2 protein chains.
Amino acid sequence: MTISRPDGQRSPTLEEVAEWAGVSRSTVSRVINGVSTVDPDLRELVQRAIDATGYVPNLAARSLVTRRTDSVALVVSEPDDRTEQSEPFLNRIFTDPFLGRITAGALEVLRPEGIHLVIMPAESPAHHHVLRYLRQGHVDGVLLISSSDEDPLPQQLCDLGIPAVLSARPGKPLPMSYVDVEQQVGAKLAAEHLLAIGRHHLATISGPLDMPSSQDRLAGFRAALAVHGHAYVPSAAGNFTRASGEQAARELFAAHPEIDGLFVANDLMAEGALQALRDLGRRVPDEVAVVGFDNSIAALQCRPQLTTIHQPLEEMAAEMARLLLSRIGKADPKPRSVIFHPRLIKRESA
Amino acid sequence: MTISRPDGQRSPTLEEVAEWAGVSRSTVSRVINGVSTVDPDLRELVQRAIDATGYVPNLAARSLVTRRTDSVALVVSEPDDRTEQSEPFLNRIFTDPFLGRITAGALEVLRPEGIHLVIMPAESPAHHHVLRYLRQGHVDGVLLISSSDEDPLPQQLCDLGIPAVLSARPGKPLPMSYVDVEQQVGAKLAAEHLLAIGRHHLATISGPLDMPSSQDRLAGFRAALAVHGHAYVPSAAGNFTRASGEQAARELFAAHPEIDGLFVANDLMAEGALQALRDLGRRVPDEVAVVGFDNSIAALQCRPQLTTIHQPLEEMAAEMARLLLSRIGKADPKPRSVIFHPRLIKRESA
DNA sequence: GGTATTCCAGGGAGCGCTCTCTCCAAGGTC
DNA sequence: GACCTTGGAGAGAGCGCTCCCTGGAATACC
């Protein structure tokens, strides 16, 4: 950094604070780091010196010796094969309420620990950029939001030995901690609710099929319906954006006009589907019942408001942060996973 | 950080690479940093040593001496007085397409320079947290998205002497670089378009009135209408979220059912207003014409699609990044500002 | 009263890098 | 051939901090 005080001089060092207080560097260091074996009078003297000089520890010097930076990265990753889409990656992740909830949940845990969170988008062509950032030791660990099966980032982080926690079950088995929600159970809740309100022609809009979570929701939905004798369930895949949900709904209803119950793999796409249904003149929920997934704020902003499957993203992110901190603290590399339970939130759309 | 190679040993140092190649630390350093005065053969030898050992420079050690970190922060700040709102800050900023466009624009400039961008939300109670992060020297400079007049962060960064660039004209005069768009001109474009399509009862939904940009858009709209003899212009303030736009529109139409032309200070609120109008049974654009602001992706996802005022956010962010880099490179602290031009994008809603 | 023990401040090494300075060798000049 | 210049490698200091170790003073123990 190039920090210089307003008057042009450099920011004070430990040594200068020590001189001000008439003590040794070590003593100031002890005060800064809250070591208890310091005489209270001296401690106060040093504290005054710190205040007087406006001292702030130099992070580079500190982390050179402690090998800690007290910050972790939230990396939002994107696989290769989806970069060609209409809506740019950055638009997508910064439009979906998902990221805000994750951030909020993680900060809830990290801030009290004095750990900073830096958010980094990592769309595919810039993967190496982010990887370099991580390898350089800017952060102590990584919260990785990775969607695709094909994403090499989890494996790479693993190889690098950087502590990391995943936001979902990895596509390939990997010795990493992760949190997840019971995707199949969520889908089952949706299926059973649609059946319970008397719908017979069910269909689903899934997420991208290279994502384990999308696969699980789709499989869970189909499995639940199979139990009730529904062998064939029309489906169309979107990419979790509103526009893709709208598009998928159009396709689905063009091919299967008889559909009267729709499970959509996230709320944003459900909102798009609602739009499509409105354009098609289908009344929701009278003619078509719609169930979303996420229970994001988008679900409340729809008309009609979305019945949806709640996943506790904030708690999940908080747990990710906790898992990461425990990995950073100890040298214990034993990966753990924590699975959360979804639940049905009944509103107007189904 | 606690990086250890998979096999448990620490990552290699310059010294080790030098030993591998049989040269001095200095030579390896020169190769790493692309200094030209190195024998090509030696350079290649060193390069092989780097590859073989998997060497990555230790950032802390480097920045301890260079006083550079090669990363900048994108800080999204929030003033004190707005934290009490219904929709949490993190939800708001990670739902508005705004941030994604800013990030994209900044990365466009920063990545080719090898500069990393870290995104940090800074809602008011956590200001000191972020400030500490910045003071510790994690970053070389700051791109500051600050909305309110009352936000102390610009002043604080100024006092700290951290290079920073603002995303809008600061509320109080400050020796900082900033970019902005001609807000008043944008509002004028909206006003004149609404008049041009024959609307006579105009109103506006503004942003929070503690934001200079909101004030400017409101003032610009009023001024343009005053020229055409409209003395009184009903207005209601939102907070740039969809829900607040919906709410504001309801209030406005309850008090002034005669409104036939509406200028909304951003697209997200305009989308909310469209929702309200639909609920009220007012046809857009036939009965009420609506003009938004931003030309965000949200404008395309509305029904009807929004006529809006385009502001080139990506280019503005890129310019912010350029201004910041020039401030970081040189010691020249002369602040500069760059003002962009808005333009009207005609679609369906007006 | 002498020795063992505890407590707490200071000294010093060293984290991994950059960067200046020095030095050597090769080439050029008169 | 003696001198100077230049290109390019190495040596060494030092960035600001932590942390181990040492040592002196204060206290406890026999």
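Letters go in sequence order (proteins before strands), and every chain restarts at 1. In this text, all values refer to a predicted model and were calculated from it rather than measured experimentally.
In this structure, B/Phe94 and A/Phe94 have parallel ring planes: the angle between them is below the 30° cut-off, well short of the 60° mark.
Under the rule for a side chain to side chain donor-acceptor pair (under 3.5 Å), the partners of B/Asn33 that lie at least two apart in sequence or sit in another chain are B/Ser29, B/Arg62. With sequence neighbours excluded, the residues forming a side chain to side chain donor-acceptor pair (under 3.5 Å) with A/Gln155 are A/Asp159, listed by chain and number. For A/Arg43, the side chain to side chain donor-acceptor pair (under 3.5 Å) test picks out no residue, with sequence neighbours left out. Here A/Arg169 pairs with A/Asp216 under the side chain to side chain donor-acceptor pair (under 3.5 Å) rule; sequence neighbours left out.
Here D/dA11 presents its C1' atom at 11 Å from CD of B/Glu15, a figure rounded to the nearest Å. Distance CG (A/Leu59) to P (D/dT18): 10 Å, rounded to an integer number of Å. Across the protein-nucleic acid pair, B/Asn33 atom CG and C/dC19 atom P stand 7 Å apart, rounded to whole Å. In this structure, B/Glu19 atom CD and D/dA9 atom C1' are separated by 17 Å, rounded to whole Å. Between B/Arg25 atom CZ and D/dG8 atom P there is a gap of 21 Å when expressed in whole angstrom units. Rounded to an integer number of Å, the gap from CZ of B/Arg62 to P of D/dG16 is 18 Å.
Distances shown here put a side-chain N or O of A/Arg67 below 4.0 Å from the OP1 or OP2 atom of C/dG16. Checking the phosphate oxygens (OP1, OP2) of D/dC15, no side-chain nitrogen or oxygen of A/Asn58 falls inside 4.0 Å.
B/Ser24 and B/Thr27 are linked by a side-chain donor-acceptor pair at a separation below 3.5 angstrom, with hydrogens and angles left out of the test.
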Report all interatomic pairs (protein N or O, nucleotide N or O of nucleotides 7-9 of chain C) with separations under 3.5 Å.
| unit_1 | atom_1 | unit_2 | atom_2 | d |
| --- | --- | --- | --- | --- |
| C/dA9 | OP1 | A/Asp39 | N | 2.9 |
| C/dA9 | OP2 | A/Thr37 | O | 2.9 |

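End-to-end axis angle for the helix from C/dG1-D/dC30 to C/dC30-D/dG1, using five pairs per end and rounding to 10°, comes out at 50°.
Of the two residues near DNA chain C, B/Ser26 and B/Ala60, the one whose nearest nucleotide lies more 5' is B/Ala60.
Residue B/Gln156 places its CD atom among more than 12 non-hydrogen atoms of other residues, nucleotides or ligands, all under 6.0 Å distant.
Ion pairing of B/Arg101 with B/Glu108 is absent here, as no side-chain N (NZ or NE/NH1/NH2) approaches a carboxylate O to less than 4.0 Å.
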